[in-house]
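This report concerns only the one structure given below.
All figures in this text were calculated on a predicted structure; none of them were measured in a lab.
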Amino acid sequence: MSARIEHLETSGTFSLDGGTWEVSNNVWLVGDDGETVVIDPAHDAEAVLAAIGGRTVVGVICTHGHDDHINAAAEVADKTGGPILIHPDDEPLWRSVHPDRAPDAWLAHGESVTVAGTTLRVLGTPGHTWGAVSLYAPDLGAVFSGDTLFRGGPGATGRSYSSFPTIIESIRDTLLTLPADTVVRTGHGPTTTVGAEAPHLDSWIQRGS
């Protein structure tokens, strides 16, 4: 059976730099009936575990270390045996949420994770955080962008561990080089495509300068 993409939306809070906001997050599962990876398990571990069912979890992958993307990761990993994967540059953010539970392995640009015969290629896309990554699945025509790219523009960069010039570079040099029909599966809100967002790059730069 070929790999498929499954979507779960969970709600909770995001806290950083002394502020707290209500948020809804996209949790993505990629796999088949036998195995899956979980991308950004947020807020509700029980809902994520229910979506996994009895499948083998190949990886619990965090696109970045903000608390709303990782707060259910440890419980999901510990109850399924799936390894937690995150970029090492986001270790400080990870440890602020899970001081007693280290990730199991570090992600690096150019590496890949294989699940159900499908390859997820790790793309380093820093800017929203220092260690933000995206996951490109060419066989599925999709990229999981975390909070790097949304419908309508880049992710926020006005907080700690972020940089607007860096996120623009990541989008321009990495994400917008993917095929135009690649579906962008975002960390919050609706999906988009690379082709739909590419024409607006200059306006984002002007808006953020």
Side-chain angles (χ1 to χ4, degrees), residues 2-11 14 16-17 19 21-30 37 39-40 42 61-66 68-69 86-87 89-90 93 107-113 118-209:
S2 59
R4 62 183 182 268
I5 298 171
E6 299 167 60
H7 172 239
L8 176 69
E9 186 174 49
T10 60
S11 297
F14 163 56
L16 188 67
D17 295 340
W21 301 267
E22 297 286 336
V23 290
S24 293
N25 287 61
N26 294 324
V27 182
W28 301 101
L29 287 79
V30 181
V37 298
I39 301 171
D40 289 346
I61 306 176
C62 303
T63 62
H64 62 288
H66 282 160
D68 60 319
H69 288 253
I86 191 171
H87 194 282
D89 287 351
D90 273 8
L93 287 166
L107 296 171
H109 178 81
E111 290 184 342
S112 62
V113 177
T118 293
T119 297
L120 299 176
R121 197 165 78 213
V122 179
L123 305 177
T125 51
H128 183 65
T129 66
W130 298 137
V133 302
S134 299
L135 302 164
Y136 177 43
D139 292 346
L140 300 175
V143 63
F144 301 89
S145 64
D147 287 2
T148 297
L149 179 62
F150 293 105
R151 180 185 293 182
T157 54
R159 304 184 182 103
S160 298
Y161 308 101
S162 66
S163 165
F164 180 75
T166 303
I167 202 171
I168 288 294
E169 181 179 354
S170 293
I171 292 171
R172 180 189 63 223
D173 297 345
T174 303
L175 295 182
L176 297 187
T177 65
L178 299 177
D181 60 354
T182 302
V183 178
V184 182
R185 309 273 181 164
T186 60
H188 308 271
T191 61
T192 184
T193 65
V194 168
E197 301 307 321
H200 306 293
L201 178 65
D202 288 343
S203 67
W204 302 337
I205 295 171
Q206 292 171 7
R207 188 174 70 199
S209 61

**Fill in**
In terms of heavy-atom contacts, G65 and D90 come closest through N-OD2, 2.8 Å

**Asked** What's the spacing between T148 OG1 and L175 CG if we round to 0.5 Å?
**Response** 6.5 Å

**Prompt:** Does the side chain of H188 reach to within under 4.5 Å of the side chain of D68, using non-hydrogen atoms?
**Reply:** yes

**Message:** Just to verify, what does T10 make a side chain to side chain contact (heavy atoms under 4.5 Å, CB included) with, not counting sequence neighbours?
**Reply:** L8, N25, V27, A42, H43, D44

**Asked** How many angstroms lie between atom CG of L178 and atom OG of S134, to the nearest 0.5 angstrom?
**Response** 8.5 Å

**Spacing of CZ belonging to R4 relative to CG belonging to L29, to within rounding of 0.5 Å** = 9.5 Å

**Request:** Could you tell me whether the side chain of E197 and the main chain of G152 form a donor-acceptor pair under 3.5 Å?
**Result:** yes

**Asked** What distance do H66 atom NE2 and T129 atom OG1 have between them, rounded to the nearest 0.5 Å?
**Response** 6.0 Å

**Request:** Could you tell me whether a side-chain N or O of T192 sits under 3.5 Å from a main-chain N or O of V184, the two making a donor and an acceptor?
**Result:** no

**pair I61-F144: side-chain heavy atoms closer than 4.5 Å** = no

**Item:** Exercise: identify the closest heavy-atom pair between P126 and S170
**Value:** O-OG, 2.7 Å

**Complete:** Contacts of T174 meeting side chain to side chain contact (heavy atoms under 4.5 Å, CB included) (sequence neighbours excluded), chain-then-number -> L123, T125

**Message:** Once you measure the plane-to-plane angle for H69 and H64, does it fall in the parallel (<30°), tilted (30-60°) or perpendicular (>60°) bin?
**Reply:** tilted

**Request:** Not counting sequence neighbours, which residues clear side chain to side chain contact (heavy atoms under 4.5 Å, CB included) with R159? List them please.
**Result:** F14, L16, D17, W21, A156

**Asked** Say you draw a straight line from CZ of R121 to CG of D139; how long is it, rounded to the nearest 0.5 Å?
**Response** 11.0 Å

**Complete:** In short, P199 meets G195 closest at the heavy-atom pair CD-O, 3.2 Å

**Complete:** Residue set satisfying side-chain hydrogen bond (donor to acceptor under 3.5 Å, both in side chains) with H7, at least two apart, ordered chain then number -> N26

**Request:** Might you point out which heavy atoms bring A137 and L120 nearest each other, and give the distance in Å?
**Result:** CB-CD2, 3.5 Å

**salt bridge (Lys or Arg N to Asp or Glu O under 4.0 Å) partners of E9, counting only residues at least two apart** = none

**Request:** Decide yes or no on side-chain hydrogen bond (donor to acceptor under 3.5 Å, both in side chains) for T157 and S163, but give the supporting numbers first.
**Result:** CA-CA 5 Å; T157 54; S163 165; over 6 Å; no

**Complete:** Nearest heavy-atom approach of L107 to H87 is O-CD2, 3.4 Å

**Item:** Counterpart residues, side chain to side chain contact (heavy atoms under 4.5 Å, CB included), relative to P154 (two or more places apart)
**Value:** F164, I167, I168, I171, W204, R207

**Fill in**
Closest non-hydrogen atoms of S112 and T119, given as atom of the first, atom of the second and distance, are CB-CG2, 3.6 Å

**Request:** Check the pair D40, T63 against side-chain hydrogen bond (donor to acceptor under 3.5 Å, both in side chains), reporting the backbone distance first and the verdict last.
**Result:** CA-CA 6 Å; D40 289 346; T63 62; 2.7 Å; yes

**Prompt:** Is the shortest heavy-atom distance from the side chain of D181 to the side chain of T193 under 4.5 Å?
**Reply:** no

**Prompt:** Do T186 and L149 have side chains that get closer than 4.5 Å, going by heavy atoms?
**Reply:** no

